[in-house]
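Report on the following structure.
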2 protein chains.
Amino acid sequence: MLIRSLEIFRAVVDTGSFSAAAERLHTVQSNVTAHVKKLETELDARLLERRTPVVATPAGHQLLSYARRIVELHDDAVARFHPQADPAGELRLGSMETTAAVHLPGLLAGFSRRWPQLAVHLRTGTSSELLEAVRAGQLDAAFVAGEKVGDEVRLRPVFEERLVLVSGRPLKAMPDRVTLAQTPFLAFRQGCGYRHSIEKLFAEQRVPAPRIHEFGSLDAIVGCVAAGMGLALLPESTVRQYRQRFELHTLALPPAFAAVTTQLATLQRPSWSRALEVFMEGMEGMEAERPRDGAFAVA
Amino acid sequence: MLIRSLEIFRAVVDTGSFSAAAERLHTVQSNVTAHVKKLETELDARLLERRTPVVATPAGHQLLSYARRIVELHDDAVARFHPQADPAGELRLGSMETTAAVHLPGLLAGFSRRWPQLAVHLRTGTSSELLEAVRAGQLDAAFVAGEKVGDEVRLRPVFEERLVLVSGRPLKAMPDRVTLAQTPFLAFRQGCGYRHSIEKLFAEQRVPAPRIHEFGSLDAIVGCVAAGMGLALLPESTVRQYRQRFELHTLALPPAFAAVTTQLATLQRPSWSRALEVFMEGMEGMEAERPRDGAFAVA
DNA sequence: TTAAAAAATCATTTCCAGTGATAAAAGCGC
DNA sequence: GCGCTTTTATCACTGGAAATGATTTTTTAA
């Protein structure tokens, strides 16, 4: 059974005539006859009463409900891939916790307002988890930090972050080696982009055995740091957000550790869905140097 | 876009491999490649990441949701026309008021129990209205009385009715010409099968100007007859049903007027839907001579 | 009954789904 | 990295059927 046959069958019922259907579909009447006949042979039932106007038989009526749904679905699918059509469906995004908390609320709110037909699915995880999901086609795009990737994944810088050392107590200067060795660090589990920076920091200070608590939630990390449980390395913008809820103290780090670029990871361009296409278009204006969350803000 | 292409595409995603999909669908791998490639060209998007296992790209993921729905609908449609499959969907029946009131409740209850996937639509009307609807493919079948039809409609006798003269007051014998001329008759509007019998009765009694009230509802007719508004000509079985609610008196008529056969009208066999097919099968046992409503009764 | 319109039939062309063999590419073990 | 295996892409070819245009048959309306 061909979609084309169903399309023709539907047109015959709608117009009440084989020849009118042919004209509407830009083909010839004998072709319409052939398609209908083929359907009737395949299903072993008479589908149309050849009268003027042509009407569907009970069996035809039954097929018609399927034909309408299938043809409609088909047209929808084609339309959704058409470059000038408004995208619909879902946009599956991934993000690190920190980015989700700080940058995404404004961004996604604007996006969802701009494209009301799109449902955004947001999943958080570590950079390496998210990258794997992008690679596996489970996510359309993901915000990640500092990862090397194969050439099937494309990275685009979107936010420039400055990592700072965060503590619950005032920090005058960088803690010395001994203090650092005794103070636990709080971080996301293995695979988080920032965690790599912690290890670089320890190596630099020649601290041998870093003690790192692995938490799955940003709220938990910040809360525990504020409670004096230990130190953390977080983007300055994230800390700013939590300042209202917790008493936090920060210390700037040398640029070599501090600078972290959040990048938007996707597959290569031809794989993009229309939904992703418009999302990436909206992200075009986002320069790593001049971050502004209002990419999709209403003008 | 062919249903076949979507079926193949779906199989590739499900199996994670072009060659496995080919095997599952009993074709060759190069054919699978060709179909996928054709889809990608048509939609101008990369749908699959050629890796092991093969995974859908965001665009592919988008198409997949359509592919699944379309292929499923297609399989459903084919299955519904398969002779050994349980029928599903709707069965659109028509019936005269009298038949609907007396014979259908038991019949349809049994039918609906026997075929739970079928939704019965019942429409009442006059015989000629219903016949026209059957002819136009709007009804699968209709219970009608005493009509001549073209040869695209097929009639099958199902109930043998005896018409009786009904009154609100005791009837000893056939009213004389004068009484008959003065007494109004209550009947369905033009097109009712029984109404034709009334006219035959008047002609026989040589009553010139029958006065006929036209009511659209059986309840109204019976109620008004019981209230003494006039006479009616109704099937004996119908009157029996109303005896509990109204005080009705009847008079038998000569067989020439009394005998009316209720027939089941359909289009010719090849037009039948599977739903109609099983309904007609169930009606097979219904002999006009030996009416029993329990055609679909549970054994 | 006849003229006009619509569907069926038929011969023909064109296109493409499906096939099998082979080349290229990707994964995997060492 | 290097070969070995597995998987996908490419290609030439064939059969079948979609599409076409001309013609006949049927239906409808005048």
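Letters A, B, ... are given to chains in the order of the sequence lines, protein chains preceding strands, and every chain is numbered from 1.
- Contact annotation: Arg50(A) side-chain N/O to dA8(C) OP1/OP2 distance is under 4.0 Å.
- No side-chain heavy atom of Asp76(A) sits less than 4.5 Å from a side-chain heavy atom of His74(A).
- The phosphate of dA19(D) (OP1 or OP2) has a side-chain N or O of His35(A) nearer than 4.0 angstrom.
- A donor-acceptor pair shorter than 3.5 Å can be found between the side chains of Arg92(B) and His61(A).
- By the 4.0 Å N-to-carboxylate-O rule, Arg68(A) lies too far from Glu72(A) to be salt-bridged with it.
- Summarising the geometry, the separation between CD on Glu49(B) and C1' on dT8(D) is reported as 14 Å, rounded to the nearest angstrom.
- As a whole-Å value, the separation of Leu25(B) CG from dG18(C) P is 10 Å.
- Between Lys38(A) and dA18(D), a side-chain N or O to OP1/OP2 separation shorter than 4.0 Å is present.
- As a whole-Å value, the separation of Phe18(B) CZ from dG27(C) P is 13 Å.
- Taking 4.0 angstrom as the limit, Ser17(A) places none of its side-chain polar atoms (N or O) nearer than this to OP1 or OP2 of dA6(C).
- The distance from atom NZ of Lys37(B) to atom P of dA25(C) is 12 Å, rounded to the nearest whole Å.
- Between Ser30(B) and dT10(D) there is no side-chain polar atom (N or O) within less than 4.0 angstrom of OP1 or OP2.
- For the pair Ile8(A) CD1 and dA19(D) C1', the computed distance is 10 Å after rounding to whole Å.
- Phosphate proximity of dA19(D) to Arg4(A): present, with a side-chain N or O under 4.0 Å from OP1 or OP2.
- Atom pair Asn31(A):CG and dA22(D):P shows a separation of 16 Å (rounding to whole Å applied).
- Side chains of Leu264(A) and Met283(A) form a contact here, defined as non-hydrogen atoms less than 4.5 Å apart.
- Val32(B) comes within contact range of no nucleotide atom at all, as no heavy-atom separation falls under 4.0 Å.
- Place Gln29(B) and Ala34(B) on DNA chain C by their nearest nucleotides, and Ala34(B) ends up nearer the 5' end.
- When the nucleotides dA7(C), dT8(D), dT20(D) are ranked by their closest atom to the side chain of Ser19(A), dA7(C) comes out on top.
- Residues Gln29(B) and Thr33(B) have side chains that bring a donor and an acceptor to within less than 3.5 angstrom of each other.
- Atom CG in Leu39(B) sits roughly 14 Å away from atom P in dC16(C) (whole-Å rounding).
- Within the 4.0 Å cut-off from OP1 or OP2 of dG18(C), not a single side-chain nitrogen or oxygen of His26(B) is found.
- Residue Thr27(A) places none of its side-chain N or O atoms closer than 4.0 Å to OP1 or OP2 of dA19(D).
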